[in-house]
Amino acid sequence: QVQLVESGGGLVQAGESLRLSCAASGSIFSRSDMGWYRQAPGKQRELVAEITSGGWTNYADSVKGRFTLSRDNAKNAVYLQMNSLKPEDTAVYYCKVYQTPRSYWGQGTQVTVSS
């Protein structure tokens, strides 16, 4: 079973940066697609960015050009570099590993961006 632990969240002002980390356990991380999602209060969880086992990335339009997703298979980790943060980026951020028959989620890390 895969276990995921996110870290790196915090409170920042608009325009500042954060780097989120997701450390994974399990033997199939390197061949799994991964994603970062976020959920703001009262809203549905939404995709922020995803990366395939082959390194292809996809970003939500709202973060494209500001966020960068990368993975380090040697460390069983994925990272989300978030630059030029905006108040609307405030949410709990979750990492996800896509697997069959089920996907796995981390516990989430809070990101709060003040004006």
Could you pull out the closest heavy-atom pair between [X] and [Y], with the gap in Å?
{"X": "Leu20", "Y": "Val111", "answer": "CD2-CG2, 4.0 Å"}
{"X": "Gly9", "Y": "Thr109", "answer": "N-OG1, 3.2 Å"}
{"X": "Tyr94", "Y": "Gly106", "answer": "CD2-O, 3.6 Å"}
{"X": "Val92", "Y": "Gly108", "answer": "CG1-CA, 3.8 Å"}
{"X": "Tyr98", "Y": "Ser103", "answer": "CA-OG, 3.5 Å"}
{"X": "Tyr104", "Y": "Val2", "answer": "CD2-O, 3.5 Å"}

Mind checking whether [X] and [Y] have side chains closer than 4.5 Å, heavy atoms only?
{"X": "Leu69", "Y": "Phe67", "result": "no"}
{"X": "Asp33", "Y": "Lys96", "result": "no"}
{"X": "Thr68", "Y": "Tyr79", "result": "no"}

* With sequence neighbours left out, which residue pairs that include part of residues 37-83 fulfil the disulfide (SG to SG under 2.5 Å) condition? ->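 Listed once each, the pairs would be none.
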
* Asked: With ILVMFWY side chains joined below 4.5 Å, transitively, what does Leu11's cluster contain besides itself?
  -> none

From [X] [atom1] over to [Y] [atom2], what is the distance, rounded to the nearest 0.5 angstrom?
{"X": "Gln81", "Y": "Ser21", "atom1": "CD", "atom2": "OG", "result": "9.5 Å"}
{"X": "Asp72", "Y": "Cys22", "atom1": "CG", "atom2": "SG", "result": "12.5 Å"}
{"X": "Leu80", "Y": "Arg71", "atom1": "CG", "atom2": "CZ", "result": "14.0 Å"}
{"X": "Met34", "Y": "Ser53", "atom1": "CE", "atom2": "OG", "result": "11.5 Å"}

* Counterpart residues, side chain to side chain donor-acceptor pair (under 3.5 Å), relative to Asn58 (two or more places apart) ->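 With sequence neighbours excluded, Asn58 shows a side chain to side chain donor-acceptor pair (under 3.5 Å) to Glu50, given in chain and number order.
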
* Asked: Under the salt bridge (charged side-chain N to carboxylate O under 4.0 Å, His left out) rule, what pairs show up with a residue in residues 35-46, not counting sequence neighbours?
  ->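 Listed by first then second residue: Arg38-Glu46, Arg38-Asp89.
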
* **Residue pairs involving residues 1-20 (criterion salt bridge (charged side-chain N to carboxylate O under 4.0 Å, His left out); sequence neighbours excluded)** =>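 Found none.
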
* **Polar contact flag, side-chain donor to acceptor under 3.5 angstrom, Ser17-Asn83** => yes

* ring-ring contact (aromatic ring centres under 6.0 Å, His included) involving Tyr37 - partner list, sequence neighbours excluded ->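 So Tyr37 forms a ring-ring contact (aromatic ring centres under 6.0 Å, His included) with Trp105.
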
* Asked: Would you find more than 12 non-hydrogen atoms of other residues, nucleotides or ligands less than 6.0 Å from Glu88 atom CD?
  -> yes

